[in-house]
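Accompanying notes for the structure given below.
Lettering follows sequence order; numbering is per chain, from 1.
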Amino acid sequence: MSQGIDLQGSFVELLTQFGLPAGVAKAMWLPLPMTLILLAATVSIFVTVWLERKISAAAQQRIGPEFAGPLGTLQAAADGIKLLFKEDIVPAKADTILFTLGPALVVIPVFLSLLIIPFGQNLVITDIGVGIFLWIALSSITPIGLLMSGYSSNNKYSLLGGLRAAAQSISYEIPLALAVLAIVLMSNSLSTIDIVEQQSGYGILGWNVWRQPVGFLIFWIAALAECERLPFDLPEAEEELVAGYQTEYTGMKFGLFYVGSYVNLVLSALIFSILYLGGWESPISVDLLSGLFGVSETTPWLQVITAAIGIVMTVVKAYLLVFLAVLLRWTVPRVRIDQLLDLGWKFLLPVALVNLLLTAALKITFPVAFGG
Amino acid sequence: MLNFLKQVGDYAKESVQAAKYIGQGLSVTFDHMRRRPVTVQYPYEKVIPSERYRGRIHFEFDKCISCEVCVRVCPINLPVVDWEFDKASKKKTLNHYSIDFGVCIFCGNCVEYCPTNCLSMTEEYEMAAYDRHELNYDNVAMGRLPYKVTQDPMVTPLREYAYLPKGVTDPHDLPAGSRRAGKLPQELLEEAESATSNADS
Amino acid sequence: MTLAEGVQLVLFGLLAALVIGTALGVVLLSNIVYSAFLLGGVFLSISGLYVLLNAGFVAAAQILIYVGAVNVLILFGIMLVNKSQPFTPVRRGWIRLIATGGVCLGLFALLSTMILGTSWQLSTETPVGDGATVLIGMHFFSDFLLPFELASVLLLMALVGAIILARREFVPDEPPTDAISDALKLPERPRELVPAGREGSESPE
């Protein structure tokens with residue numbers, strides 16, 4: 001399956017034509033998609049922060065940011081610049097090394113996970129075999145950073161927040177992984193590309209939402225909990241814990257937490273759209289339309305259009321989910337810590353297990369519909 | 001076994017119900033998104049204070065007879081009345097009068113009991129200062145009249161809820177001359193007067 | 001030597017230094033929290049070594065299980081145990097230190113001679129790379145079935161034990177008097193077993 005445009009291949013070919021050895025050409029290619037994705041992630045933070053503020057304002061019948069840039073679009077940039085220029089304070093009795101290391105440990109795994117997000121057939125940094133498993137593994141590093149920053153702040157609220165974050169993260173990792181496992185079971189692969197491929201061909205009808213209605217809900221709840229979004233934002237519950245593990249942080253260290261949480265939200269939405277909403281597939285399959293109009297799949301302009309549609313589709317789906325998350329934020333009240341763990345262990349875990357077993361059974365019974 | 005199945009069924013039913021309630025809540029939140037913002041964009045828009053608004057107190061120096069009633073009715077004896085007894089005219093002459101608005105609770109007792117009506121409430125509420133001692137207004141400061149919201153060219157004046165026409169909740173873009181719901185105080189007064197004159201005649 | 005090999009060599013050196021450094025830190029530092037965090041560093045660097053060995057699945061599993069679960073649990077344990085005791089220097093503590101050092105050095109020497117003495121047979125098969133996930137699964141359900149199932153039984157036992165410990169809500173105020181007969185019982189205030197049905201729990205009348 002090597003249809004669509006192969007940017008890497010053409011880039012390497014171009015450089016080798018200029019007389020560079022193939023290895024050097026490939027090494028020169030490597031930083032390009034990484035920088036691009038980093039840039040895209042940064043832009044996505046701006047968009048998400050703006051969306052969050054505007055949607056929150058609309059849900060509360062306010063206007064929201066208005067004066068920083070047109071419609072307040074530059075508000076996030078203003079916030080970022082403010083954080084950048086703020087004094088970086090380390091509390092007197094805090095553990096300086098751990099205090100500095102904590103935010104970095106929270107942010108790095110999130111950005112690393114962007115490696116596996118495909119925006120099209122060949123529009124992905126690496127199509128590694130462990131794919132989605134890498135995301136689950138990397139997101140399990142984050143609680144260590146949270147524990148670290150909570151412990152090193154020398155503040156009881158920070159410590160409590162860090163402990164809560166770690167407990168919540170561990171608890172919801174399991175239903176999340178089980179929901180992903182059911183998808184993996186159906187697509188016979190951990191690779192994100194294969195998972196999307198398996199949903200392609202039938203437009204909106206082929207998406208995994210219809211085959212995994214329960215897993216879909218479990219994944220969304222668990223992903224919200226992993227991102228510490230509002231119904232589950234126990235670790236930074238303002239009324240109880242000031243701001244949890246972020247309490248003692250200022251300046252760019254706080255900014256890193258901020259960036260991390262928003263990138264994590266976008267990442268979860270992207271992965272959700274890949275797992276359940278068909279990734280870069282549009283609701284009406286492009287292949288079908290091109291077949292209808294009798295255009296060959298290998299036509300260059302069609303390939304460019306397909307790639308563009310793929311990127312737009314992935315981003316639109318992800319931002320729809322971000323919108324849903326923001327809407328949920330102002331709808332559902334925060335749960336208590338015991339309710340949170342009850343929901344995770346006594347409801348989501350058994351349901352996810354049953355869902356996994358059901359999927360396995362259905363896969364054996366109906367190999368056509370559930371990926372034989 | 002049946003008992004257990006029933007328990008599972010009840011649990012599932014409760015879960016579905018909870019999901020339904022969350023869905024209803026989401027639809028409420030979603031519905032709010034298409035409503036016009038209710039907030040007043042403060043420095044550019046301002047609500048017209050109501051006719052009985054109790055803002056900063058206005059003081060007329062010439063009317064004051066230094067009787068100190070305002071001090072006595074004040075919950076914390078706040079007004080400072082500095083007077084001298086003029087032996088020639090056998091009257092008190094007022095030198096200074098001041099109220100510290102950082103301490104005043106704007107209860108309006110002084111205004112109510114002032115025998116010469118030299119104290120009155122204004123609609124001014126923007127009294128921010130960099131130093132709390134700047135809030136201690138003397139008779140000159142208290143003699144100033146506030147700037148009216150309706151006359152400020154920089155500000156869009158907005159009516160409060162009670163002053164909007166019946167059924168209207170949005171103070172923006174009201175048609176010119178639209179009346180508030182119910183009767184105006186002067187109309188009530190006129191009615192009462194005409195009623196009494198009718199009764200007299 | 002191509003570019004890729006050079007990068008691999010440098011990375012191996014870095015990762016090996018990281019593993020050794022962080023492991024020494026785990027053992028030698030007196031602050032137990034630092035030790036726990038450095039343990040996470042050890043696990044992470046080892047998973048980096050796995051990546052170098054072209055075993056991506058094992059590397060991800062290493063991170064998920066050791067960093068995400070084991071290390072977080074250790075940190076959790078350390079931070080939830082709220083027992084601060086003053087550090088009292090042990091008399092003749094140096095004897096213990098020297099003895100530990102000696103034992104460790106002996107073990108190190110023993111292992112080194114063993115490693116150097118063994119003639120390692122390098123497999124000539126090409127590494128499977130991304131196909132490893134399937135291969136590992138195959139092995140789990142064929143020739144490694146017994147250890148796999150035994151491990152799951154062990155985990156189940158641990159799970160049941162944890163549930164029994166965690167469900168014990170009523171700890172009696174006084175310890176039981178007859179210690180011999182209750183040796184195998186956990187101290188617990190006697191309570192009625194809750195019947196499974198909803199009606200059952202509502203019918204004390």
Between C:Val72, C:Leu73, C:Asn71, which residue shows the highest count of heavy-atom pairs closer than 4.5 Å to chain A?
C:Val72
Contact part of C:Val33 toward chain A, heavy-atom cut-off under 4.5 Å: side chain, backbone, both or neither?
side chain
Please classify the contact of A:Ile144 with chain C as side chain, backbone, both or neither, using a heavy-atom distance under 4.5 Å.
both
N/O donor-acceptor pair under 3.5 Å between A:Ser158 side chain and A:Gly150 backbone
no
Is C:Ala61 close to chain A through its backbone or its side chain, or both, or neither, when contacts mean heavy atoms under 4.5 Å?
both
For a 4.5 angstrom cut-off between non-hydrogen side-chain atoms, does A:Phe219 reach A:Ile183?
no
Heavy-atom proximity to chain C below 4.5 Å, by part of A:Ala167
both
Short side-chain to backbone donor-acceptor contact, A:Tyr249 and A:Phe99, under 3.5 Å
yes
Given heavy-atom pairs under 4.5 angstrom as the criterion, report whether the side chain, backbone, both or neither of A:Leu105 touches chain C.
neither
On a heavy-atom basis, which atom in A:Leu267 and which in A:Val110 lie closest, and how many Å separate them?
CD2-O, 3.9 Å
Which one wins on heavy-atom pair count under 4.5 Å against chain C: A:Ile141, A:Leu101, A:Leu163?
A:Leu163
Within the distance-only criterion (no hydrogens, no angle test), does the side chain of A:Gln168 pair as donor or acceptor with the backbone N or O of A:Phe232 below 3.5 angstrom?
yes
If I measure from the heavy atoms of chain A, does C:Ile65 come under 4.5 Å with its side chain, its backbone, both, or neither?
neither
Within a radius of less than 6.0 Å around OH of C:Tyr66, do more than 12 heavy atoms belonging to other residues, nucleotides or ligands occur?
no
